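Encoded as structure tokens, the structure appears first; notes follow it.
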Number of protein chains: 2
Amino acid sequence: MSLKIGILDDHPVVVEGVRSLLERNGFQVLWTAQDLRSALNNLRADTDLVLTDIQLPDGDGMQFCKEVKKRFPHVLLIGFSSFHDGSFVRNMFRNGASGYVLKESGEEVLLHVITEVVQGRNAIDPKISEYVITGGPGAETNRIVLTRREKEILQLLADGLSSKEIGDKLFLSVKTVEAHRTNMLLKLDASNVAHLIKIAYEKALI
Amino acid sequence: MSLKIGILDDHPVVVEGVRSLLERNGFQVLWTAQDLRSALNNLRADTDLVLTDIQLPDGDGMQFCKEVKKRFPHVLLIGFSSFHDGSFVRNMFRNGASGYVLKESGEEVLLHVITEVVQGRNAIDPKISEYVITGGPGAETNRIVLTRREKEILQLLADGLSSKEIGDKLFLSVKTVEAHRTNMLLKLDASNVAHLIKIAYEKALI
DNA sequence: TGAAAAATAGGGGAATACCCCTAGACGGTC
DNA sequence: GACCGTCTAGGGGTATTCCCCTATTTTTCA
């Protein structure tokens with residue numbers, strides 16, 4: 001029995017392209033839609049899987065996923081979009097999606113992700129999987145070297161402790177803690193501790 | 001030609017278990033090691049793939065990945081461990097790993113991840129893939145709702161701007177910016193802006 | 001063993017964050 | 001119409017950060 005698929009994308013060209021691709025590969029395209037509302041109207045309990053764009057004229061893919069999962073928890077969802085931001089992908093998964101494919105990727109990528117998802121696994125387009133998993137551009141990120149003490153203090157700063165509290169905890173003078181903090185601000189080119197924490201997250205130091 | 005694999009784990013029982021599993025499935029186990037240093041000594045250019053534990057007597061899997069990728073960039077790496085923390089997994093990928101498998105998972109999971117990795121894709125044990133992708137226990141984490149203005153100010157705070165600078169940028173009084181900031185501190189139960197940024201990252205609000 | 005890096009600690013001062021309080025304006029909702 | 005949440009903005013005070021400066025001790029590593 002072939003997989004019953006729904007397609008949601010506001011560009012008719014994309015819808016037709018995906019439809020023909022899927023049907024060529026033995027899938028059954030049950031319905032298509034150009035906007036969120038008609039997609040929810042088209043949605044039937046016998047739908048196995050929905051491919052959905054993220055940007056829609058009357059909402060976004062995250063809302064759609066949430067709503068679909070509420071009505072029909074068994075329906076599988078795959079995000080299908082151009083890539084803008086890792087947080088989009090993460091939010092799709094938070095709202096129930098099991099897969100994510102870039103529009104720019106080829107047929108074999110889409111088919112592979114569908115196969116994975118149908119078998120109960122999560123799958124992300126290889127082009128962005130590393131970015132999504134690691135949460136940032138991993139490449140030249142690791143040039144910054146913090147000392148052991150600096151890392152220790154950085155962690156406590158991230159937990160919201162003041163210099164005084166950190167000093168008490170580590171049996172250090174407030175001035176020592178401030179010195180380490182200042183050094184980290186210089187090393188990471190941060191303008192204050194909030195900025196420092198952000199940079200530390202981006203560079204995976206936390 | 002069968003895949004040439006190395007195994008690094010400090011428990012001999014695990015090493016032998018994995019070895020027999022792999023050999024039963026047509027792979028060739030080229031070498032095994034119980035610690036980081038001897039693994040690096042054993043490492044040869046004709047190794048295709050290494051399975052590595054995270055906790056090691058003389059270091060950790062992250063260091064190992066980094067070092068392996070530096071010497072032999074073509075060698076594929078798969079983390080193999082019990083699960084403690086999503087940041088371990090993310091850091092393994094940051095340092096060059098392409099896959100991650102839980103020790104508690106069965107044979108078929110390990111074989112599937114190996115297959116994916118060999119074909120050039122990243123793969124994570126399905127048991128933790130959602131957790132790793134979304135960056136947290138997705139369930140009730142998403143109750144926090146920041147308003148548009150708050151998100152806007154949060155982003156600028158993360159970029160290291162002071163309340164005064166944000167006020168200038170958004171044509172707001174310093175007092176207004178401070179009010180929004182205070183509300184976010186209350187909403188996210190943060191003790192200062194540094195803590196706020198950390199929580200925002202954990203909850204994927206940034 | 002000698003130099004470099006890291007960790008320690010201080011003084012002093014301007015800027016900012018953080019906390020308490022109040023309060024009007026505006027949009028949506030029951 | 002009354003309520004709620006958001007956005008706006010103020011007064012005033014304490015705590016903390018952030019910046020300049022110096023300086024000793026400890027650790028690391030070539």
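Predicted, not measured: the structure shown is a model, and the values here were computed from it.
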Rounded to whole angstrom units, what separation is found between the CG atom of Asn183(A) and the P atom of dC18(D)? 13 Å

Flag yes if more than 12 heavy atoms outside Asp168(B) fall under 6.0 Å of its CG atom; otherwise flag no. yes

Can you measure Phe171(A) atom CZ to dA7(C) atom P for me and round it to whole angstrom units? 18 Å

Please state whether the phosphate of dG10(D), meaning OP1 or OP2, lies under 4.0 angstrom from any side-chain nitrogen or oxygen of Thr176(B). no

Under a 4.0 Å N-O cut-off, is there an ion pair linking Asp125(A) with Lys127(A)? no

When the distance from CG of Leu170(A) to P of dT8(C) is rounded to whole Å, what number comes out? 8 Å

Check ion pair Arg148(B)-Glu152(B) (N to O, under 4.0 angstrom): no

Taking atom P of dA5(C) as reference, at what distance in whole Å does atom NZ of Lys187(A) sit? 11 Å

Rounded to 10°, tell me the angle between the two end axes of the helix from dA9(C)-dT22(D) to dC30(C)-dG1(D), each built from five pairs. 50°

Integer-rounded Å distance: dA6(C) C1' and Arg148(A) CZ: 10 Å

Reading 5' to 3' through nucleotides 11-30 of chain C, protein heavy-atom contacts under 4.0 Å coded B for base, S for sugar-phosphate only, - for none: BB---SSBB-----------

His180(A) side chain near dA6(C) phosphate (N/O to OP1/OP2, under 4.0 Å): no

A side-chain contact here means heavy atoms from C-beta on lying under 4.5 Å apart; do Phe27(A) and Ile114(A) qualify? yes

Mark yes or no for whether Glu23(A), through its side chain, and Ser20(A), through its backbone, hold a donor-acceptor pair below 3.5 Å. no

Provide, to the nearest angstrom, the distance between the CG atom belonging to Leu186(A) and the P atom belonging to dC18(D). 12 Å

Check the distance between dA9(C)'s P and Asp168(A)'s CG and give it to me in whole angstrom. 12 Å

Would you say dT8(C) has OP1 or OP2 under 4.0 Å from some side-chain N or O of Arg149(A)? yes

Kindly check if the number of other-residue, nucleotide or ligand heavy atoms within 6.0 Å of CG (Asn41(B)) is above 12? yes

Would you say a side-chain N or O of Thr147(B) is under 4.0 Å from OP1 or OP2 of dG5(D)? no

Side-chain touch Leu8(B)/Asn42(B), heavy atoms, less than 4.5 angstrom: no

